[in-house]
**Student:** 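This is the structure I have questions about; it appears just below.
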Amino acid sequence: MFVGHYAAALALKGKEKNTSLGWLFIAVQFVDILFFPFALSGIESMEFVTGFTETNDFKMEFPFTHSLLGSVIWAVLFGGIFYLMGNKKGSDSKKVAIVLGLGVLSHWFADLFVHTPDLPLIYEEPKFGFGLWESKLATFLLEVVLLAAALWYYLRRTTSKTRSGRYAVIGLVIFLVLVNYLNYYVLPANNDLMALTISALLSFLVLAGLAFWVDGKRV
Ligand SMILES: [Zn+2]
């Protein structure tokens with residue numbers, strides 16, 4: 001799952017408005033941000049097996065970034081560092097840290113729907129995954145539905161400072177769906193680990209940048 005993860009970011013922002021949407025965009029992809037360099041350096045692995053699922057060719061071993069235990073540890077670290085670095089202490093920054101941690105943890109549960117059974121609980125077997133990637137259309141639609149529901153909740157829970165504040169976030173979600181469509185249906189499969197790493201990390205960065213910008217337009 002790629003853009004579907006951002007549904008969790010929008011929903012968590014709706015829940016706890018003091019959290020930065022930009023940092024939430026980073027949180028929900030945090031274990032993937034780690035996974036690509038881990039795979040490149042051989043700590044984890046990513047093989048390309050043609051036709052592995054209808055959606056992509058990714059066969060992955062990732063016990064450190066994509067086990068449930070690993071996700072909990074990364075979530076605690078991410079939230080914890082944010083809490084320690086926050087300048088205004090108190091219940092507010094504690095809440096924000098918890099919400100960011102939940103963002104990190106949400107990644108595993110969103111991946112659970114689409115991955116083939118490759119997500120460990122602890123390290124090795126048992127591994128889980130409901131395998132929605134076997135259907136590209138179902139995967140695409142799930143991500144659209146998740147984003148639409150999260151957008152609706154986010155718009156209800158936050159108010160726009162300006163007219164453009166309303167359209168900016170709607171535009172961002174439409175852009176995410178468009179990126180996903182291009183990814184699944186138009187662009188050729190990117191089966192080179194280095195190229196995939198660069199394009200994934202760049203996408204994470206650009207989308208987080210857009211989220212920081214959109215966030216500034218709403219209260
Ligand atoms: Zn992932």
Side-chain angles (χ1 to χ4, degrees), residues 1-12 23-49 52-79 100-136 138-140 142-144 146-147 150 176-177 179-180 183-184 189-208 211:
M1 181 172 288
F2 171 31
V3 304
H5 289 295
Y6 296 120
L10 285 167
L12 286 166
W23 280 110
L24 274 169
F25 263 50
I26 293 170
V28 299
Q29 297 290 13
F30 189 59
V31 299
D32 272 3
I33 292 172
L34 295 175
F35 168 66
F36 285 101
F38 277 29
L40 267 182
S41 58
I43 299 169
E44 296 190 324
S45 81
M46 181 172 210
E47 273 176 73
F48 300 96
V49 177
F52 191 64
T53 66
E54 195 190 355
T55 308
N56 59 55
D57 301 335
F58 308 158
K59 185 171 187 296
M60 297 168 285
E61 292 281 346
F62 39 22
F64 303 111
T65 58
H66 280 69
S67 61
L68 185 55
L69 175 67
S71 301
V72 170
I73 293 171
W74 295 119
V76 170
L77 275 176
F78 194 94
L100 285 172
L102 287 175
V104 174
L105 195 57
S106 74
H107 188 100
W108 193 88
F109 290 93
D111 271 358
L112 182 64
F113 285 92
V114 295
H115 279 232
T116 56
D118 62 4
L119 298 161
L121 282 187
I122 306 220
Y123 186 75
E124 284 288 340
E125 302 295 334
K127 294 179 180 177
F128 296 90
F130 303 150
L132 208 63
W133 272 346
E134 299 293 353
S135 163
K136 198 187 272 197
T139 302
F140 180 75
L142 173 72
E143 293 185 78
V144 172
L146 286 176
L147 279 170
L176 289 174
V177 171
V179 165
N180 220 25
N183 234 337
Y184 286 173
N190 185 351
N191 285 0
D192 175 77
L193 185 55
M194 181 55 102
L196 189 65
T197 299
I198 293 170
S199 77
L201 294 180
L202 260 180
S203 311
F204 295 151
L205 197 69
V206 169
L207 293 173

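Whatever order the structure lists them in is the order used to number ligands and atoms, beginning at 1.
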**Student:** side-chain contact (heavy atoms from CB on, under 4.5 Å) with I73: which residues, sequence neighbours excluded?
**Tutor:** L69, L77
**Student:** Are there any protein N/O/S atoms under 2.8 Å from the Zn ion (ligand 1), and if so, which?
**Tutor:** D32 OD1, H66 NE2, H107 NE2, D111 OD2
**Student:** Check salt bridge (Lys or Arg N to Asp or Glu O under 4.0 Å) between E61 and all other residues, then give those that pass, not counting sequence neighbours.
**Tutor:** K127
**Student:** Going through the distances and angles, do H66 and W108 end up as a ring pair (Phe, Tyr, Trp, His ring centres under 6.0 Å)?
**Tutor:** CA-CA 7 Å; H66 280 69; W108 193 88; 9.3 Å; no
**Student:** Could you tell me which residues satisfy ring pair (Phe, Tyr, Trp, His ring centres under 6.0 Å) with F128, sequence neighbours excluded, listed by chain and number?
**Tutor:** none
**Student:** To the nearest 0.5 Å, tell me how far M46 CE sits from F35 CZ.
**Tutor:** 5.0 Å
**Student:** Parallel, tilted or perpendicular for F25 and Y6, by the 30°/60° rule?
**Tutor:** parallel
